[in-house]
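Written out below as C-alpha cells is the structure these notes cover.
Naming: A, B, ... by sequence-line order, numbering from 1 per chain. No experiment lies behind these values; they were computed from the predicted model shown.
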2 protein chains.
Amino acid sequence: MRPTMKDVALAAGVALKTVSRVVNGEPGVNPATAERVREAIERLGYSRNESARVLRRGRTATVGLVIEDVADPFYAGLSRAVEEVTIVEGCLLLSGSSGEKPARERELVRTFCARRVDGLIVVPAGDDHSYLRPELDAGTPAVFADRPPGPGLDVDTVLSDNAGGAMEAVGHLLAHGHRRIAMLGDHPSIFTAAERLAGYRSALGQLFDPRLVAMRAPTPETVRTDLERMLALDSPPTALFTGNGRLTVTALRALGGRRMGLIGFDDFELADLLSPGVTVVAQDPAGMGRVAAELLFRRLSGDGGPSEHVQLPVRLIPRGSGELSP
Amino acid sequence: MRPTMKDVALAAGVALKTVSRVVNGEPGVNPATAERVREAIERLGYSRNESARVLRRGRTATVGLVIEDVADPFYAGLSRAVEEVTIVEGCLLLSGSSGEKPARERELVRTFCARRVDGLIVVPAGDDHSYLRPELDAGTPAVFADRPPGPGLDVDTVLSDNAGGAMEAVGHLLAHGHRRIAMLGDHPSIFTAAERLAGYRSALGQLFDPRLVAMRAPTPETVRTDLERMLALDSPPTALFTGNGRLTVTALRALGGRRMGLIGFDDFELADLLSPGVTVVAQDPAGMGRVAAELLFRRLSGDGGPSEHVQLPVRLIPRGSGELSP
DNA sequence: TTGAAAGCGCTAACAC
DNA sequence: GTGTTAGCGCTTTCAA
C-alpha cells in the first residue's frame with residue numbers, strides 16, 4: 001500500500017540503507033545521490049513508518065499524560081503547557097482523562113506503557129500506584145503533578161502550595177473581620193482537598209467549627225444543601241472559602257447574589273467581571289504542566305538523581321468578594 | 001530490558017506462538033497450558049509491545065486530533081468528547097494544538113500520519129489541505145470539524161450552523177428594537193468568522209453599516225479601540241454581536257459595565273451570573289466532537305459511502321443582555 | 001492443540 | 001560513499 005524505504009531505494013536505484021541515511025539526515029551521502037533519493041521520495045509520496053523505527057530504536061518519542069478531565073480549564077491549561085514542552089522536545093503527546101476514576105487512570109497508564117511511551121505525567125485519581133512499579137523499574141520515568149502518588153512510590157512531584165494558599169485565604173478573611181468562615185471542599189480523599197482543609201483549619205485555630213465545613217464531591221444540589229444548612233445555624237457564616245474552581249462557581253450560583261465574604265481556590269475566567277469581583281487563590285496550571293514536563297525530559301535525558309519535589313507558589317488575588325466586611 | 005514473548009515462552013516452556021495465542025485470547029489453547037503461560041506473564045511482568053504489533057498488523061488503534069488550542073473551552077469540550085468515543089472503540093488519542101498556525105497544523109498531521117494513525121479529526125487552521133491528498137489516498141480517513149477543508153478535498157465535515165446562528169442573534173436584537181447593531185468578529189479568513197459575518201449581514205439587510213463592523217484577530221487593545229471608534233460615531237450602536245466566546249468576554253471587559261444590547265456567539269461559563277446575564281448563541285462542542293468521532297469510526301469500519309456533511313444546530317439562550325431595549 | 005518459519009519496515013553494525 | 005546483513009517483537013501462514 002504505502003511505499004517503503006525499499007520501494008524508494010528501488011526507484012532511486014540505490015540501496016535501502018542509503019535511503020535511510022537521506023531520510024535521517026545522516027552525513028556521508030553524495031549530494032547527487034541524496035538528491036536522487038529525495039526526488040524518489042517526493043514522487044512516491046513516501047513517509048517514514050514510525051512504528052518500525054520505534055521497534056528498532058526502542059524509543060517512541062511519545063509522552064503519556066493522564067489528567068482528570070481535559071474539559072476542566074485547570075487541566076486544559078496544564079495539558080497545553082505539557083504539549084508545548086513536548087513539541088519542542090520533538091515528541092508527541094498521548095493523553096487521556098481519568099474522570100477521577102482510579103481504574104481508568106490505571107487502564108490509561110497501562111495502555112500508554114504498552115505503547116512504550118518514553119515517560120509519563122500523571123495526575124493521579126487513585127492512591128495505589130504499586131502497578132507502576134514494573135514500569136518504573138523498566139526505565140519509564142513518571143512525574144506526578146497536582147497530587148502525589150500513593151505510598152511506596154518515590155517519583156518526582158510538582159504540587160501547588162495547597163495548605164499555604166488555604167491559610168492565606170482564611171487569614172485574609174480573618175483580617176477583614178470575619179470570624180465565622182465556612183469551607184466547601186471536595187471529598188477529602190482527594191489530596192488537594194485534604195491539604196486545603198488542613199490549611200483552613202490551621203488558620204482558624206480556635207475558631208474552627210466542624211459545622212461550617214462540608215467536604216464532598218460537589219454537585220449543584222449538595223452545594224445548595226450544605227450552604228442552606230450552614231446559613232440556618234444560630235451563628236451562620238459571614239464568609240465562605242471554596243476548595244476549587246468548580247465549587248466556587250457552583251457556590252456563586254447557589255448564593256444567588258447573597259452578599260457574603262468569598263474566596264475561592266483556583267482562578268477562573270470572568271472572576272473579575274462579577275460584582276463584586278471574586279477574590280481567589282490562583283494556581284498556575286500552565287506552570288505546573290511546564291515544570292512537570294521539563295522535569296520529565298530531564299529524566300529522559302539521563303538525569304538519575306534523587307526524586308525531586310517541586311512546590312509551586314499560589315497567589316491571592318483580591319477582587320472584592322474577599323474584602324467584604326461581615 | 002523488558003521481557004518479550006520469547007522470554008515468556010521460554011519461562012513457560014512453550015513456543016512463542018502459544019504465548020501470542022494466550023495474550024490475544026485466541027481459541028485453541030489447552031487451559032492448563034494457558035494457565036502456565038499466564039503465570040509466567042505475571043511473574044515476568046510482561047506486557048505486549050504495541051509497536052511490534054502495529055508494525056505487523058498495520059493498524060495502530062490510534063486516532064489523531066488536531067485542534068486550535070486545548071486550553072480554549074470550546075476545543076477542550078470537543079477533545080473530551082472525541083476522547084470518550086475513541087476509548088469506547090478501544091483506540092488511543094494523539095492530539096495537538098495548531099495555535100491557528102497552518103504550518104503547525106500541517107506538521108501535526110504529518111507527524112500523526114508518520115505514526116500511522118488510523119484516522120484523523122482536524123480543526124483546520126489553514127485553507128490548503130492538498131498535503132492531505134496522499135494520506136487520504138493511502139487509506140487514512142479524515143473528518144474535518146468546526147471548519148471545512150480547503151478547496152479540492154472531499155472529506156466528511158461537521159460544522160455548526162454559523163450563519164443561521166448569527167442571523168438568529170441579530171434578528172433577536174432587531175426584534176428588541178435595536179437598529180444600530182455592531183459586530184466584532186475574528187479575522188474573516190477564518191471560516192466560522194466569515195460565516196457569522198454573512199449571517200449578520202443578511203439579517204441586517206438595509207440596516208447594514210460597514211462602520212459598525214470590525215473583523216480581526218482579537219486582543220484586549222483592538223477590541224477596545226474598535227468599540228471606542230464605533231461608540232464615537234454620530235449614531236453609535238445600541239447593541240453588539242460578538243463573533244466568538246473570547247471576543248464576548250473581551251468586549252464585556254472593554255465595555256466595563258456600560259449598558260448595551262449584547263449577544264455573543266458561543267456559550268461560556270458564568271454567562272448566567274453576570275448582570276445582566278449574557279444572551280448567547282450556544283454551540284455544542286461535545287456534540288461536534290462526538291459526531292466527528294463517530295463518523296470517523298464508521299469510515300474505519302469500512303463505510304466507503306460519499307462524504308457526509310453534518311450541520312449542527314445552534315441555540316439562542318436569552319439571559320438578559322440580548323433583551324435590553326436600545 | 002501446538003510449533004517453526006517468514007516477514008512487517010526500519011536502524012545498527014559492519015563490510016566494501 | 002555505499003551496500004549487506006541481522007534483528008527489533010510481534011502476527012501470519014502453514015505444517016505437524
Side-chain angles (χ1 to χ4, degrees), chain A residues 1-38 40-41 44-62 90 111 113-118 138-140, chain B residues 1-38 40-41 44-62 111 113-118 135 138-140:
Chain A
M1 188 102 217
R2 282 169 186 271
T4 72
M5 275 194 182
K6 202 170 152 190
D7 299 325
V8 175
L10 211 67
V14 296
L16 189 152
K17 177 65 216 185
T18 302
V19 179
S20 171
R21 288 203 178 92
V22 173
V23 168
N24 296 300
E26 286 170 33
V29 179
N30 185 309
T33 318
E35 193 41 44
R36 211 149 32 104
V37 170
R38 260 190 292 274
I41 287 176
L44 299 182
Y46 169 80
S47 91
R48 183 171 62 193
N49 182 325
E50 290 295 324
S51 301
R53 170 166 225 244
V54 157
L55 178 59
R56 190 60 245 243
R57 306 194 50 182
R59 271 214 164 185
T60 55
T62 310
T111 315
C113 287
R115 305 243 172 167
R116 299 293 185 270
V117 292
D118 293 338
T140 307
Chain B
M1 189 100 216
R2 283 171 186 270
T4 71
M5 275 195 181
K6 201 170 152 191
D7 299 324
V8 175
L10 210 68
V14 296
L16 188 151
K17 177 65 220 186
T18 302
V19 179
S20 171
R21 287 203 178 91
V22 173
V23 167
N24 295 299
E26 286 170 33
V29 179
N30 185 309
T33 317
E35 192 42 45
R36 213 149 29 104
V37 170
R38 260 189 292 273
I41 287 175
L44 298 183
Y46 169 80
S47 91
R48 183 172 62 195
N49 182 324
E50 292 294 325
S51 301
R53 173 167 222 244
V54 157
L55 178 58
R56 193 57 242 247
R57 305 195 53 184
R59 272 212 164 186
T60 54
T62 310
T111 315
C113 287
R115 305 241 174 170
R116 299 293 185 267
V117 292
D118 294 338
E135 307 303 340
T140 307

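- A straight line from CD of A/Glu50 to P of D/dG9 spans 18 Å, rounded to a whole angstrom.
- Atoms CE and OG1, from A/Met5 and A/Thr18 in turn, are 10.5 Å apart once rounded to the nearest 0.5 Å.
- Nucleotide C/dA12 holds its P atom 11 Å from the CE atom of A/Met5, rounded to whole Å.
- For C/dT11, the OP1/OP2 oxygens have a side-chain nitrogen or oxygen of A/Ser20 closer than 4.0 Å.
- Counting any heavy atom pair closer than 4.0 Å across all strands shown, B/Arg21 reaches a base atom.
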Kindly give the atom pairs (protein nitrogen or oxygen, nucleotide nitrogen or oxygen) under 3.5 Å for nucleotides 5-8 of chain D.
from: D/dG7; atom 1: N2; to: A/Arg56; atom 2: NE; distance (Å): 3.4
from: D/dG7; atom 1: N2; to: A/Arg56; atom 2: NH1; distance (Å): 3.0
from: D/dG7; atom 1: N3; to: A/Arg56; atom 2: NH1; distance (Å): 3.3

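- For the residue pair A/Arg53 / B/Ser51, no side-chain donor-acceptor distance below 3.5 Å is found, with atom types taken as modelled.
- Checked for salt-bridge contact, B/Glu135 and B/Arg116 miss the test: no charged N lies under 4.0 Å from a carboxylate O.
- Distance CG (B/Asn24) to C1' (D/dC10): 9 Å, rounded to an integer number of Å.
- Contacts between residues 29-36 of chain A and DNA chain D, defined by a heavy-atom separation below 4.0 Å, involve A/Val29, A/Asn30, A/Thr33, listed by number.
- Expressed to the nearest 0.5 Å, how far OG of B/Ser20 lies from CZ of B/Arg56 amounts to 11.0 Å.
- Atoms CD (A/Glu26) and P (C/dC10) sit 14 Å apart, rounded to a whole Å.
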Check: Yes or no on side chain to side chain contact (heavy atoms under 4.5 Å, CB included) for B/Thr4 and B/Asn49, after CA distance, side-chain angles and deciding distance?
Finding: CA-CA 8 Å; B/Thr4 71; B/Asn49 182 324; over 6 Å; no
Checklist line | side chain to side chain contact (heavy atoms under 4.5 Å, CB included) between A/Thr33 and A/Arg21, intermediate numbers included | finding: CA-CA 11 Å; A/Thr33 318; A/Arg21 288 203 178 92; over 6 Å; no
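- Every residue two or more places apart in sequence or in another chain was checked for a salt bridge (Lys or Arg N to Asp or Glu O under 4.0 Å) with B/Arg115, and none qualifies.
- If you check every strand for non-hydrogen atoms under 4.0 Å, A/Val14 touches sugar and phosphate atoms only.
- Atom CG of B/Asp7 and atom CG of B/Leu16 lie 9.5 Å apart (nearest 0.5 Å).
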